[in-house]
Amino acid sequence: MDKRGIAGIIAFVILLGCFFQFTRMDGFLKLDSVKNLVNVPRILDKKGDWDQSRDSFLILYDARDVASVFAEHRLSRLIAQQKKSSYSAKIGDESVEINDNYRGVLVVTGELNRVAALDKVRSYVENGGTAALLIAPEAAGAPSQDFLRASGIAELGGNANVKGIKLRTDFLFGGKGFSFGEDSAYNTSGSKVKLVSDALVHIAGIDDTPLLWEHPAGKGKFLVYNGVVRDDKTNIGILTAVLAHCGTETLYPVLGTKVFYIDDFPSPVPEGINPRIYDELHMTTEDFYRYRWWPYMQQVAKDFGLKYTGLIIESYGDVVKAPFPAPAGRRARDNFIVYGRELLNMGGELGLHGYNHQPLAPAGYNEEELDYVPWGSQQDMVESLQELRRYIEASYPDYAMRTYVPPSDILSPEGRKAILEVFPEVKIFSSLYDGPAEAMAYIQNYERKDDGTYELPRTSAGYHPKRQNMYEQISMLNYIGNFSHFVHPDELFYEESKDYSWGDMEQGLKDFLTEINSRFPFLRAVTNVELMNYFADYLDMDYQVEREPDKMTLMTQNNRQPLRFILRQSREIAEISGGTYQKVGEDAYLIETGAGTTVIKWKEPEK
């Protein structure tokens, strides 16, 4: 063989060696650099140019009653979040003035006979205003029969425990025809009532007990909620809808988004055979993930227009003290890279769930019931997260982790500090919007903290959501316009899933998403970091509304991207300039605008 042939063989051997070394180091899995390119929004300075022209509400509350004080707090916070103003007065204040400029008067006591300004409230309604009675009227504290009839009540009896929900009208837009309660513990405390014939019942209990109705009085109307302002947040949508039905041509901002999380993904895939999978599908657990579960999730994203935010777990061990070992062998690492890449290629986002699935909390956070191991110190948490950071950067060196979701939705103050110490680029914490106090979960509101991080809670979970979960989504979509749901890859193994096959779970999630898309087709798919950007605009923007007989003018400022609003209005829109509109309910429109001024003109009423 000549020298050229020998040189060629040597070059081929060198190239082959480089190829295998490149492959061994995951080179082909990491050829391109992946980055989380969505910008972190800069907090904009707020201006008060339009403070004097904001829609305004009067709240009358009982300072001696805990439920009434709580209701006043909930309402004033909700009104402020909508960039509107409120004034609160005690029910015993005889000097309170009720002028016609109020969009609504909100009375939060069941003892209506103790409201000193009740005659003023009646006059305000007769002159064209809207008064909302937001705690079930009590027979022992009833006002005059004349006032009761004006508010739609023919007879008022004692207390009643009202179960379930029937949405008879589109008072909560997108909700008409929905009901639940036969298999639910949901209930509220109301009063036994018989209504006058022309009262319009918007919401009833499962036994048809009126829960919320409307009744005309003079030129205005009464709205009456025959329940209590609950402390579990489930009626935030009802409160929002009440505000939206005060007066006419009512506008408030929403996000108009849908976000879907996959907790524990990517994560180590269990090896071997699980009887739940094998008995039904005759597959190993690893094959189930690769050939059944993940293709199903990819198809769901395509069919229902979703983007996934996947939350990374490095280990399923229970180690809470250094050293924190990395997964052994190539399989876990290769799955982490392959699944992560495929999720990102679908337009998704990767976020943090933890080094392992032990919630970042010391003893006292319900660990015994949940079979978790408490952490000994914040430093132990930090060291586990440092290993997680090393593990992620070995595969995604340029990817900025913006989202953290706590395992089992449990997070202590020490755990939150540990996250931000090791991952200062994290800007979003997503846990739960609501839940029982005894579960020790990290319960959130939609808000931005003083440190610049965002709280973006989740609303529902699972492959087979209950009807109450759908009601919670209807409520949240009326409130802030964001659908938020999460699942896990291994839910088939859970005790809660023992009565369902994988086929049941596949169909359950599809049915749930079909109903969401049918009731709320206008939602845009986002990742969690994209949601953060829309929510930053929601917080920082400002707007002003001018109403004229034939049109409404909406002026906006301080926004980085187009804004979305819900308009509740019985008249039809003739045309719009500076924006777009879409009818999303019987009297509800979605308004989208990227211009500083949007003009909405009304159709002339038919004669």
Side-chain angles (χ1 to χ4, degrees), residues 59-62 65-72 74-75 91 105-115 118 121 130-145 147-169 171-172 175 178-215 221-243 245 434 467-468 471-472 474-475 478:
I59 305 173
L60 299 176
Y61 75 104
D62 184 355
D65 180 68
V66 173
S68 183
V69 171
F70 181 81
E72 186 278 333
R74 291 284 302 278
L75 286 165
I91 59 173
V105 174
L106 314 175
V107 183
V108 285
T109 179
E111 297 180 274
L112 294 174
N113 64 346
R114 294 183 52 228
V115 180
L118 202 60
V121 173
T130 302
L133 314 179
L134 294 178
I135 292 182
E138 298 177 17
S144 68
Q145 187 63 32
F147 185 92
L148 286 176
R149 292 193 68 85
S151 64
I153 301 174
E155 297 178 13
L156 178 61
N159 294 336
N161 186 40
V162 185
K163 294 184 178 181
I165 285 284
K166 284 184 181 179
L167 304 183
R168 290 186 175 181
T169 71
F171 190 79
L172 275 75
F178 174 84
S179 67
F180 84 97
E182 297 87 347
D183 59 348
S184 171
Y186 179 91
N187 63 82
T188 190
S189 178
S191 295
K192 298 175 182 177
V193 293
K194 181 179 180 180
L195 303 185
V196 298
S197 60
D198 59 342
L200 173 60
V201 177
H202 292 295
I203 304 174
I206 206 68
D207 63 353
D208 291 320
T209 298
L211 281 177
L212 192 147
W213 62 87
E214 175 181 336
H215 187 252
K221 65 185 177 185
F222 280 95
L223 295 170
V224 184
Y225 177 54
N226 185 26
V228 294
V229 178
R230 299 162 64 102
D231 59 2
D232 61 3
K233 300 183 180 179
T234 51
N235 64 358
I236 188 69
I238 290 178
L239 296 181
T240 304
V242 166
L243 297 181
H245 284 87
D434 198 10
R467 296 306 288 163
Q468 183 166 341
Y471 175 68
E472 290 162 353
I474 292 171
S475 179
N478 273 262

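Worth saying up front: this structure is predicted, and the values here are computed from it rather than measured.
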Can you find a heavy atom in the side chain of Val121 that is under 4.5 Å from one in the side chain of Leu60?
-> yes

Nearest atoms (heavy-atom pairs only) where Leu148 meets Ala142 = CD1-CB, 4.4 Å

With sequence neighbours left out, write down each residue that passes side-chain contact (heavy atoms from CB on, under 4.5 Å) with Ala154, or none if nothing qualifies.
-> Arg149, Val196

Return all side-chain donor-acceptor pairs below 3.5 angstrom for residues 197-208, not counting sequence neighbours, or 'none' if the list is empty.
from	atom 1	to	atom 2	distance (Å)
Asp198	OD1	His215	NE2	2.8
Asp198	OD2	His215	NE2	3.3
His202	ND1	Thr169	OG1	2.7
His202	NE2	Glu214	OE1	2.9
Asp207	OD1	Thr209	N	3.1
Asp207	OD1	Thr209	OG1	2.9
Asp207	OD2	Thr209	OG1	3.3
Asp208	OD1	Lys166	NZ	3.0
Asp208	OD1	Arg168	NH2	3.1

Can you name the side-chain contact (heavy atoms from CB on, under 4.5 Å) partners of Ala132, sequence neighbours left out?
-> Leu106, Leu134, Leu223, Val242

Rounded to the nearest 0.5 Å, how far does CG of Leu112 lie from CZ of Phe147?
-> 6.0 Å

From Arg74 atom CZ to Lys233 atom NZ, the distance as rounded to the nearest 0.5 Å = 7.5 Å

Measure across Phe171 and Ile238 and return the closest heavy-atom pair with its distance rounded to 0.1 Å.
-> CE2-O, 4.4 Å

State, to 0.1 Å, how close Gly157 and Ser191 come at their nearest heavy-atom pair, and which atoms those are.
-> O-CB, 4.3 Å

Rounded distance (nearest 0.5 Å) linking atom OG of Ser189 with atom CG of Asn161 | 6.5 Å

Could you tell me whether the side chain of Asn226 and the main chain of Pro210 form a donor-acceptor pair under 3.5 Å?
-> yes

Just by modelled atom types, is the Ser151 backbone N or O under 3.5 Å from a matching donor or acceptor in the Trp213 side chain?
-> yes

Closest approach of Asn113 to Ala140 (non-hydrogen atoms, all atoms of both residues) = ND2-O, 4.3 Å

Taking all non-hydrogen atoms of both residues into account, name the closest pair between Leu156 and Pro137 and its distance.
-> CD1-O, 3.7 Å

Would you say Ser475's side chain and Tyr471's backbone share a donor-acceptor pair under 3.5 angstrom?
-> no

Under 4.5 Å between any side-chain heavy atoms of Thr188 and Tyr225, yes or no?
-> yes

How many angstroms lie between CD in Gln468 and OG1 in Thr234, if you round to the nearest 0.5 Å?
-> 7.0 Å

Residues in side-chain contact (heavy atoms from CB on, under 4.5 Å) with Arg114, at least two apart?
-> Asp62, Arg64, Ile91, Glu111

Nearest heavy-atom approach of Ala241 to Leu172 is CB-CD1, 4.2 Å

With a 4.5 Å heavy-atom cut-off, do Ile135 and Thr109 have their side chains touching?
-> no

